[in-house]
Protein chains: 2
Amino acid sequence: MPRQVDHDQRRRQIAEAVWRLATRGGLEDVTLRQVAAEAGVSARLLQYYFGTREQLLLGALEILNDDAEQRARERLAMLGDAPGMHAIVRGVLLELLPLDEERRNRHLVYAAYFVRFLTDPALAKVAHDAPRALENLVADLIARGQELDQVPQDINAAAEAVFLVAGAEGVQSSVLLRQRSAEDAVAMIDHQLARVFTTTNCE
Amino acid sequence: MPRQVDHDQRRRQIAEAVWRLATRGGLEDVTLRQVAAEAGVSARLLQYYFGTREQLLLGALEILNDDAEQRARERLAMLGDAPGMHAIVRGVLLELLPLDEERRNRHLVYAAYFVRFLTDPALAKVAHDAPRALENLVADLIARGQELDQVPQDINAAAEAVFLVAGAEGVQSSVLLRQRSAEDAVAMIDHQLARVFTTTNCE
DNA sequence: CTGTTTGTGGTTCGATCGCACCATAACATC
DNA sequence: GATGTTATGGTGCGATCGAACCACAAACAG
């Protein structure tokens with residue numbers, strides 16, 4: 001059914017226009033007319049594919065999330081066959097950093113949506129589970145590293161996982177604001193990872 | 001000169017209305033009419049005290065920053081005479097967390113402004129230096145803790161400072177989104193502080 | 001061949017936007 | 001007491017907003 005492909009491609013084309021406008025100027029610049037102009041389609045098409053403006057914002061966010069998940073999977077798969085806990089955790093954390101234009105724009109869009117997550121239940125539901133899931137994943141990986149003697153036993157896996165994810169999100173902001181380079185951010189993450197992933201506790 | 005006081009009070013009254021509207025719905029809800037209604041004044045007054053809408057947003061942010069700095073000073077002064085490095089760093093980091101309604105709203109307003117910081121030079125200038133200054137302050141305090149043997153020598157003061165601040169900012173987001181309680185966030189900070197501020201490296 | 005669904009453009013409407021403009025108290029200065 | 005400055009309310013205008021509506025082409029169904 002080639003129709004379905006066209007349908008999704010159109011929605012993606014429009015969603016990308018929403019993202020571009022949101023990264024500049026925030027959600028208030030995401031007006032139906034502006035999106036239509038940016039996507040190179042008529043305003044009527046936005047109504048046809050998404051309906052109201054609220055649904056357009058919601059739909060664009062869903063597509064963005066699907067993208068993020070797929071890209072993350074691809075990059076993690078690129079680590080090879082037996083990556084080791086350290087490399088996997090590193091890959092997960094680096095996914096939170098705006099290391100390329102794609103991730104940078106994605107996190108900017110999230111920032112533009114942020115305040116809405118508190119008041120709009122529909123939006124909140126879309127972006128609710130991700131961070132917790134990440135923390136649990138990292139905590140699990142660290143705990144398995146302890147079983148394999150790659151991580152000291154006196155490390156609190158859950159606490160460190162929360163802190164690592166939070167730290168990554170924190171530097172993310174400063175990189176987005178261009179107050180810090182992406183390389184510095186990665187170095188910072190690696191410094192903390194080196195502390196956790198050490199077979200000998202006091203070297 | 002009681003006139004001056006009235007003038008600043010009026011500006012503050014209007015700025016608070018801007019904050020309240022920004023915390024719900026983001027900056028797109030901060031329209032002149034809405035602000036006027038929320039502040040209980042006529043729309044004409046906004047023009048008189050701030051000028052254009054752009055200047056209103058800028059002015060409200062400046063007042064918010066002044067507030068934040070003053071409150072932070074007050075709380076740090078409340079620590080007593082000889083607080084010790086650990087307590088000071090803790091106080092600085094906790095200032096980044098939305099532990100009460102005031103700080104919660106403040107950080108929500110920052111979140112609403114976030115995307116604008118990238119494209120609007122005037123706004124960017126207002127909120128540019130704060131995070132770097134915090135990192136340097138924390139790094140300095142940790143380094144002085146090393147001189148006083150309150151912090152192990154093999155701790156990288158600068159690196160830990162950056163990540164502590166970043167971690168605080170990261171959990172801040174999750175607390176704002178009500179995905180984590182304020183108490184959990186404080187516990188996380190304390191867990192990391194306990195790691196840094198230890199006289200004996202391997203206990 | 002005819003009717004229905006799907007995709008697209010254009011137009012219009014009522015509401016709201018930012019903001020300029022006008023009127024007028026209250027107060028200060030001389 | 002005249003005059004100018006400061007502080008306030010009200011009103012109107014052009015632009016833009018979201019969204020409903022209309023027209024039509026293409027594909028598909030029966």
Side-chain angles (χ1 to χ4, degrees), chain A residues 1-22 24-63 112-113 115-116 119-120 122-123, chain B residues 1-22 24-63 112-113 115-116 119-120 122-123:
Chain A
M1 47 188 69
R3 281 278 134 237
Q4 180 69 12
V5 173
D6 283 354
H7 189 270
D8 284 358
Q9 279 178 353
R10 265 278 191 253
R11 282 177 62 94
R12 165 166 302 268
Q13 170 192 3
I14 295 173
E16 286 173 357
V18 171
W19 304 338
R20 281 195 296 273
L21 289 173
R24 339 193 275 263
L27 288 194
E28 45 184 340
D29 276 18
V30 183
T31 147
L32 294 188
R33 284 169 172 79
Q34 293 241 42
V35 173
E38 177 76 23
V41 300
S42 80
R44 174 68 184 81
L45 242 68
L46 308 189
Q47 287 185 273
Y48 182 76
Y49 282 103
F50 289 93
T52 156
R53 183 182 115 107
E54 196 78 13
Q55 293 167 321
L56 170 63
L57 294 177
L58 178 60
L61 184 65
E62 286 171 345
I63 297 179
Y113 275 80
V115 245
R116 284 291 186 95
T119 47
D120 190 326
L123 285 181
Chain B
M1 46 193 71
R3 281 277 134 239
Q4 181 67 10
V5 173
D6 282 356
H7 189 271
D8 283 359
Q9 278 178 354
R10 265 277 190 254
R11 281 177 63 94
R12 167 166 300 268
Q13 171 191 4
I14 295 173
E16 286 174 358
V18 171
W19 304 339
R20 281 195 296 273
L21 288 174
R24 340 194 275 262
L27 287 194
E28 45 184 341
D29 277 17
V30 183
T31 147
L32 295 188
R33 284 168 172 78
Q34 293 240 41
V35 173
E38 178 77 23
V41 300
S42 79
R44 174 66 184 81
L45 244 68
L46 308 189
Q47 286 184 268
Y48 182 76
Y49 282 103
F50 288 94
T52 158
R53 184 183 114 109
E54 197 78 14
Q55 294 167 320
L56 171 63
L57 293 177
L58 177 61
L61 185 64
E62 286 171 345
I63 297 179
Y113 274 81
V115 245
R116 285 288 186 96
T119 47
D120 190 326
L123 285 181

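Protein chains get the first letters and strands the later ones, always in sequence-line order, with residue 1 at the start of each. Computation of the quantities below employed the complete heavy-atom set of this structure, encompassing side-chain atoms and omitting hydrogens, waters and symmetry-equivalent molecules.
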Engineer: Would you say A:Tyr49 places a side-chain N or O within less than 4.0 Å of OP1 or OP2 belonging to C:dT8?
Structural biologist: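 True: A:Tyr49 side-chain N/O within range (under 4.0 Å) of C:dT8 OP1/OP2.
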
Engineer: For B:Phe50 and C:dC19, give me the distance from atom CZ to atom C1', rounded to whole Å.
Structural biologist: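 Interatomic distance, CZ of B:Phe50 to C1' of C:dC19: 16 Å.
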
Engineer: Between B:Leu45 and A:Thr52, name the one whose nearest nucleotide on DNA chain D is closer to the 5' end.
Structural biologist: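 That would be B:Leu45.
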
Engineer: Could you state the CG-P distance from B:Asp29 to D:dC17, rounded to the nearest angstrom?
Structural biologist: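 In whole Å, D:dC17 P and B:Asp29 CG are 16 Å from each other.
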
Engineer: On DNA chain C, nearest-nucleotide positions of A:Ala43 versus B:Gly51: which is more 5'?
Structural biologist: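 Its nearest nucleotide being more 5', the pick is A:Ala43.
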
Engineer: Under the 3.5 angstrom rule, does the side chain of B:Arg11 hit a backbone N or O of B:Phe50 as a donor-acceptor pair?
Structural biologist: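 Side chain of B:Arg11 to backbone of B:Phe50: no pair is present.
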
Engineer: Round to a whole Å and report the spacing from CG of A:Leu46 to C1' of C:dT8.
Structural biologist: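 To the nearest whole Å, that distance equals 12 Å.
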
Engineer: Can you measure A:Arg33 atom CZ to C:dT12 atom P for me and round it to whole angstrom units?
Structural biologist: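 Rounding to the nearest Å, CZ of A:Arg33 and P of C:dT12 are 13 Å apart.
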
Engineer: Calculate the interatomic distance between B:Arg11 atom CZ and D:dT8 atom P; express it in whole Å.
Structural biologist: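 The distance from CZ of B:Arg11 to P of D:dT8 comes to 13 Å, rounded to the nearest Å.
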
Engineer: Within the 3.5 Å criterion, strictly below it, is a donor on A:Arg12 or A:Gln9 matched to an acceptor on the partner's side chain?
Structural biologist: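 Their side chains do not contain a donor-acceptor pair, so the 3.5 Å distance test is not met.
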
Engineer: CD1 of B:Ile14 versus C1' of D:dG9: gap in Å, rounded?
Structural biologist: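 Computing the B:Ile14:CD1 to D:dG9:C1' distance gives 13 Å.
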
Engineer: Using a heavy-atom cut-off of under 4.0 Å over every strand shown, decide if A:Ser42 touches base, sugar-phosphate, or nothing.
Structural biologist: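 Contact class for A:Ser42: base.
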
Engineer: Just call it for B:Arg44: base, sugar-phosphate, or nothing, with non-hydrogen atoms closer than 4.0 Å on any strand.
Structural biologist: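 B:Arg44: base contact, heavy atoms under 4.0 Å.
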
Engineer: Between the base of C:dG7 and the side chain of A:Arg10, is there any donor-acceptor pair under 3.5 Å?
Structural biologist: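 Result: no qualifying N/O pair found.
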
Engineer: OP1 or OP2 of D:dT8 versus the side-chain N and O atoms of B:Tyr48: is any pair under 4.0 Å?
Structural biologist: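 The answer is no; no side-chain N or O of B:Tyr48 sits under 4.0 Å from OP1 or OP2.
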
Engineer: If only side-chain N and O atoms count, and only distance matters, is there a donor-acceptor pair under 3.5 Å linking A:Gln47 with A:Arg44?
Structural biologist: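 Not at all, the side chains of A:Arg44 and A:Gln47 share no donor-acceptor pair under 3.5 Å.
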
Engineer: Please report the distance, rounded to the nearest Å, between CZ in A:Arg53 and C1' in D:dT16.
Structural biologist: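 Spelled out: CZ on A:Arg53 to C1' on D:dT16 is 13 Å.
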
Engineer: I want to check something: taking the side chain as every heavy atom from C-beta on, are B:Val30 and B:Leu27 in contact at a cut-off of under 4.5 Å?
Structural biologist: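 Yes. Closest side-chain heavy atoms under 4.5 Å.
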
Engineer: State whether A:Thr31 places a side-chain N or O below 4.0 Å from either non-bridging phosphate oxygen (OP1 or OP2) of D:dG18.
Structural biologist: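 Checking A:Thr31 against D:dG18: at least one side-chain N or O falls below 4.0 Å of OP1 or OP2.
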
Engineer: Take the protein atom CG of B:Leu32 and the nucleotide atom P of D:dT16, then report the distance between them rounded to whole Å.
Structural biologist: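 Taking CG of B:Leu32 and P of D:dT16, I get 16 Å after rounding.
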
Engineer: Distance check, rounded to the nearest 0.5 Å: B:Tyr113 atom OH versus B:Leu58 atom CG?
Structural biologist: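 Interatomic distance, B:Tyr113 OH to B:Leu58 CG, rounded to 0.5 Å: 8.0 Å.
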
